[in-house]
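Note sheet for the following structure.
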Amino acid sequence: MSSGLEISVNELKPVFTKEQIATRVHEMAAEIDAVYGDEPLVAVCVLKGAVVFFSDLTRSLHNKNLEMDFVRLSSYGRQSSSSKHVIFNKDVEIDLCDKHVLIVEDIVDSGHSMRFLLGQFAARRVRSLRLATLVDKGERREMDIPLDFVGFTLKKGFIVGYGLDYAERYRALPGIYEIIPE
Ligand code: IMP
Ligand code: MG
C-alpha cells in the first residue's frame with residue numbers, strides 16, 4: 001500500500017555487489033572473533049534492516065558460546081532534528097547483565113538510534129558493549145557514536161538492498177544500491 005509520500009524511483013545504482021559484501025562480512029567476522037574468541041557473547045540484531053547482515057555475520061563467527069537476540073527501534077521527529085526521539089518497539093529477551101554484548105546494526109546515520117540503544121544497554125550492567133555496523137554514513141552524524149566494527153563507509157546517498165529498505169521495498173536484493181530519484 002502506498003503512503004502517497006514516496007518519491008518515484010528512477011534508477012537503482014549499484015554501490016556494493018553481493019561478492020563485495022560477502023568478502024567484507026567475512027573480514028568483519030574475523031575481526032569480531034579476534035576480540036571475543038569463545039567468550040559468551042550476545043549478538044543483538046537491530047530489526048528490521050540488519051536482519052540479512054546479522055544472519056550472514058553470525059554464521060561466519062566461530063564463537064561456540066554465541067547467543068542471538070533482537071530489538072526493534074522506531075524514531076519520531078524529523079530525521080535531521082537533534083531532538084529525535086527513539087523508542088523500543090521490541091526489547092531483547094535474554095538478560096544482558098554481565099554478558100558481552102555486540103549490537104549489529106545496518107546503518108549508523110544521524111546516530112540517534114544507536115545513542116539511545118547504547119544508553120539502554122549500558123544501564124543493564126553488561127560486561128562489555130560494542131557496535132558492529134554494516135555501513136557508517138557519516139555525513140549526517142549528530143551524535144558521537146563509538147563504532148567498533150564497520151563494514152563500509154559511505155559519504156551520502158540513500159541505499160537499499162541486503163536488508164535495507166525504502167518504504168519496505170528492496171530488502172531482498174542481494175547487493176546494495178543507491179536510490180536515484182526521478
Ligand atoms: P539514525 O542513525 O538514528 O539516523 O538512524 C539510522 C537508521 O535509519 C538505520 O538503522 C536505518 O534503518 C535507517 N537508515 C538510515 N539511512 C538509510 C539508508 O540509506 N537506507 C536505508 N535505511 C537507512
Ligand atoms: Mg536500522
Side-chain angles (χ1 to χ4, degrees), residues 2-3 5-18 20-21 24-25 28 32 42-58 68-92 101-122 129-182:
S2 167
S3 69
L5 296 171
E6 292 155 32
I7 57 166
S8 49
V9 175
N10 186 36
E11 188 195 332
L12 292 179
K13 185 177 139 207
V15 179
F16 305 116
T17 64
K18 68 174 185 180
Q20 286 173 315
I21 297 167
R24 190 66 198 112
V25 170
M28 291 181 82
I32 293 165
V42 184
V44 177
C45 174
V46 183
L47 295 171
K48 301 179 193 171
V51 71
V52 178
F53 172 45
F54 182 82
S55 69
D56 284 345
L57 183 73
T58 53
M68 298 182 188
D69 214 329
F70 301 85
V71 293
R72 178 135 168 76
L73 305 174
S74 59
S75 51
Y76 296 96
R78 285 181 299 118
Q79 190 72 29
S80 61
S81 162
S82 56
S83 62
K84 204 170 127 186
H85 184 62
V86 182
I87 61 156
F88 258 131
N89 291 87
K90 186 213 171 306
D91 201 345
V92 290
V101 175
L102 176 67
I103 298 170
V104 180
E105 172 64 310
D106 55 356
I107 300 185
V108 179
D109 187 17
S110 72
H112 286 281
S113 308
M114 286 307 101
R115 172 52 52 220
F116 170 83
L117 191 60
L118 287 164
Q120 290 284 325
F121 284 178
L129 184 55
R130 290 187 180 86
L131 175 56
T133 185
L134 180 65
V135 178
D136 172 13
K137 222 163 78 169
E139 195 186 37
R140 298 198 302 174
R141 190 67 37 81
E142 293 172 2
M143 312 296 281
D144 193 24
I145 303 294
L147 300 177
D148 301 285
F149 308 98
V150 175
F152 301 100
T153 55
L154 202 66
K155 264 225 157 91
K156 58 183 166 92
F158 195 88
I159 54 175
V160 295
Y162 197 68
L164 306 170
D165 75 309
Y166 170 66
E168 296 300 330
R169 292 178 65 199
Y170 308 116
R171 289 192 198 275
L173 294 175
I176 292 179
Y177 299 82
E178 181 182 352
I179 288 205
I180 310 294
E182 246 171 20

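Order of appearance sets the numbers: ligands from 1, and atoms from 1 within every ligand. Everything numeric in this text was worked out from a predicted model, so none of it was measured.
Between the side chain of Arg24 and the backbone N or O of Gly151, at least one donor-acceptor pair lies under 3.5 Å. When atom types are taken as modelled, the side chain of Arg141 and the backbone of Lys137 share a donor-acceptor pair closer than 3.5 angstrom. Side chain of Asp148 to backbone of Leu131: a donor-acceptor contact under 3.5 angstrom is found. Side chain of Thr133 to main chain of Asp136: no donor-acceptor pair is present (N/O by atom type, distance under 3.5 Å, no hydrogens or angles).
Close approach of ligand 1 to Lys137 is summarised as follows: ligand atoms under 4.0 Å from at least one heavy atom of the residue are 16 (N), 17 (C), 18 (C), 19 (O). Less than 4.0 angstrom separates some heavy atom of Asp165 from each of these atoms of ligand 1: 21 (C).
Using a 30° and 60° split on the angle between ring planes, Phe16 and Phe152 fall in the parallel class, below 30°.
Partner Tyr162 forms a side-chain contact (heavy atoms from CB on, under 4.5 Å) with one of Ile21, Leu173, Val51 and no other, that one being Ile21.
The residue Met114 has no part lying near ligand 1, judged by heavy-atom distances below 4.0 Å.
Among Asp136, Leu47, Ile159, the residue whose heavy atom lies closest to atom 20 (N) of ligand 1 is Ile159. Here the shortest heavy-atom distance to atom 23 (C) of ligand 1, taken over Asp106, Leu134, Ile107, Val46, belongs to Ile107.
The shortest heavy-atom distance from Ser113 to ligand 1 is under 4.0 Å. Using a 4.0 Å cutoff on heavy atoms, Val160 does not count as a contact of ligand 1. Note on ligand 1: Gly111 sits in its first shell, one or more heavy atoms being nearer than 4.0 Å.
The atom of Asp106 nearest to the Mg ion (ligand 2) is OD1, with the search restricted to N, O or S atoms.
Within 6.0 Å of NZ on Lys90 lie more than 12 heavy atoms contributed by other residues, nucleotides or ligands.
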